[in-house]
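Start at 1 and go down the list; that is how both ligands and their atoms are numbered. For clarity, every value in this text was computed on a predicted model and none was experimentally measured. Quick note: residue numbers are just sequence positions, from 1.
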Amino acid sequence: MAQFTVMTHMHVAGSLHADAISIKPHWLQRPEDINELDSRLWSSNVSRGDDGVLRLAGLRVDDLAETVGTPLYAFDEADFRERARGFLEAFAGWDVFYAGKSFLSTRVAAWIAEVGLGLDVCSGNELVVALRGGMDPSKIGLHGNNKTTEELRLALASGVGRIIVDSLDEIARIEALTEELDVTARVLVRVTTGVEAHTHEYIATAHEDQKFGFSIQGGQALMALVRCQSSPRIELLGVHSHIGSQIFDTGAFEVAARRTMRLIAQFRQATGVDLPELDLGGGFGIAYTSDDTPSTPDELSSSLREIVEHERRAYGLKEPRYSIEPGRAISGPSAMALYTVGTVKVVDLEGGQQRTYVSVDGGMSDNIRPALYAAEYSAVLANRASEAAPMLCRVVGKHCEGGDILVRDVFLPSDLRDGDLIAVPASGAYSRSMASNYNHATKPPVVSVSGGQLTTLLRRETLEDLLALDTGAGVETAGL
Ligand SMILES: *Cc1c(COP(=O)(O)O)cnc(C)c1O
């Protein structure tokens with residue numbers, strides 16, 4: 001009987017179709033052609049060949065999976081470089097820092113250096129990767145709300161261009177180190193504007209209950225600026241404001257710009273000094289699903305230029321050097337994740353509905369974003385085309401956690417079966433870089449493809465890598 005039920009669910013696509021419609025989120029469109037790739041979601045060198053197999057810069061993804069194994073992350077190198085260059089050109093006259101925390105390896109640092117952007121790091125280890133990749137230290141910025149003395153020493157000794165200071169403790173630590181190393185520290189003061197922007201909404205309040213920066217509202221920001229200005233070995237460059245991530249609405253930047261300009265005007269009034277730099281941070285939104293409508297770098301540039309110019313004039317300030325810090329807008333769209341389907345299971349829901357769960361060989365250990373902040377993704381069948389009807393699916397991982405979801409809602413062909421490959425677009429940012437070893441998962445490799453040529457950026461982690469950390473894993477278990 002049980003077997004009969006399963007068989008029915010697996011093969012009667014018609015009833016699946018009818019049931020699935022009512023649990024479909026309103027924004028998700030049933031695709032007219034399930035094999036079509038929405039060009040807004042994919043990097044520029046991805047296409048589906050006549051044989052139905054996805055190609056990345058000339059390489060078949062089934063060959064890629066065969067060579068490297070799944071799960072894997074694959075960058076479209078030309079696309080990455082093009083996005084980086086796009087920001088540099090659209091924001092000509094401004095400084096553009098790639099936010100390395102979105103994804104960083106030595107080769108990625110080298111791409112950034114070659115295209116000519118600056119690079120932001122959030123830890124001493126990221127700084128070492130950037131330097132190993134050949135980044136000019138003067139074009140590196142160091143972030144972090146709790147930088148250790150060692151991290152600050154490394155930054156100052158290697159000559160990083162800017163340290164974005166986040167606390168009075170840090171300022172004191174920097175002062176001591178500049179004495180010790182006989183150097184000058186170039187700093188920006190991170191301020192909180194009270195603007196918090198996420199996706200399509202932002203909140204602008206006086207309430208600033210979070211760990212980053214000095215509050216403008218509370219007067220700490222002005223105090224920190226004056227503190228840095230009065231320190232003989234600190235060169236105060238200016239103010240830094242980062243208001244959030246995956247932002248689509250420039251209204252949030254407008255409020256933040258107004259509040260930072262007012263702060264800069266207050267500082268000038270107090271000290272007579274015009275601050276030479278203003279950093280507006282990153283957070284520019286990208287398309288994870290067909291529901292997202294991001295701006296191009298050109299559109300962003302003209303909005304931001306208009307906003308800062310308007311606010312600057314209102315306060316009668318000299319024009320500072322502006323900078324921005326895009327992360328996901330460069331690294332996100334240029335990589336896909338590739339998984340192998342292990343199981344397809346239909347689950348009965350309350351009210352007689354059903355949901356199809358597609359389990360793949362990765363999950364929250366390689367992409368925590370859906371579990372961490374309900375991030376949405378999209379996916380397609382990658383190793384073949386299908387004539388089958390679309391079915392609403394939930395793509396989940398293999399971890400022992402109910403929240404281990406990769407793609408909450410997506411239409412995939414109803415003949416989907418184990419062994420098929422699923423590709424998830426816009427997976428380059430904050431996925432592999434946030435990966436964990438949950439369930440002793442080994443972190444997936446990251447490759448890049450250019451002109452049909454495969455380069456490994458990060459190899460797959462192995463069980464031996466994990467056991468090497470485990471001091472109790474003795475010789476008698478070696479070879480297992
Ligand atoms: C994370 C971060 C960024 C980049 O954010 P994206 O959403 O990847 O563009 C830029 N600046 C700061 C200070 C950040 O913390």
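- Taking atom 10 (C) of ligand 1 as the reference point, the nearest protein heavy-atom neighbour is E325 O, 3.2 Å.
- Annotation for S433 and S102: closest pair OG-O, 3.0 Å, computed over non-hydrogen atoms.
- Atom numbering of ligand 1 starts at 1 in the shown order; those under 4.0 Å from a heavy atom of S245 are 7 (O).
- The nearest heavy-atom contact from the protein to atom 8 (O) of ligand 1 is Y430 OH, 2.6 Å.
- With ligand atoms numbered from 1 in the order given, ligand 1 contributes 13 (C) to contacts under 4.0 Å with heavy atoms of R190.
- Annotation: atom 9 (O) of ligand 1 to nearest protein heavy atom, G283 N, 2.8 Å.
- Annotation: Q210, atom CD; neighbour count of heavy atoms from other residues, nucleotides and ligands within 6.0 Å is above 12.
- Per-residue contacts place H143 under 4.0 angstrom from the following atoms of ligand 1 (heavy atoms of the residue considered): 13 (C).
- For the pair R312 and Y322, the NZ or CZ position fails the cation-pi test of under 6.0 Å to the six-membered ring centre and within 45 degrees of the ring normal.
- Contacts of H242 with ligand 1, taken as heavy-atom pairs under 4.0 Å, involve the side chain alone.
- The aromatic ring centres of F103 and F75 sit less than 6.0 Å apart.
- Nearest protein neighbour of atom 7 (O) of ligand 1, counting heavy atoms only, is R328 NE, 3.0 Å.
- Residue-to-ligand polar distances place G327 within reach of ligand 1: an N/O pair is separated by less than 3.5 Å.
- In this structure, R190 is positioned above the aromatic face of F212, its NZ or CZ under 6.0 Å from the six-membered ring centre and within 45° of the axis.
- To the nearest 0.5 Å, atoms CG (D38) and OG1 (T289) are separated by 9.0 Å.
- Counting only heavy atoms of the protein, atom 1 (C) of ligand 1 lies nearest to K101 NZ, 1.2 Å.
- Checked against a 6.0 Å centroid threshold, the rings of H242 and H143 do not count as neighbours.
- Atom numbering of ligand 1 starts at 1 in the shown order; those under 4.0 Å from a heavy atom of G282 are 9 (O), 10 (C), 11 (N).
- Atoms of ligand 1 lying under 4.0 Å from at least one heavy atom of A99, given by number and element, are 3 (C), 4 (C).
- Residues F97 and F87 form no side-chain contact, since every pair of their non-hydrogen atoms from C-beta on lies 4.5 Å or further apart.
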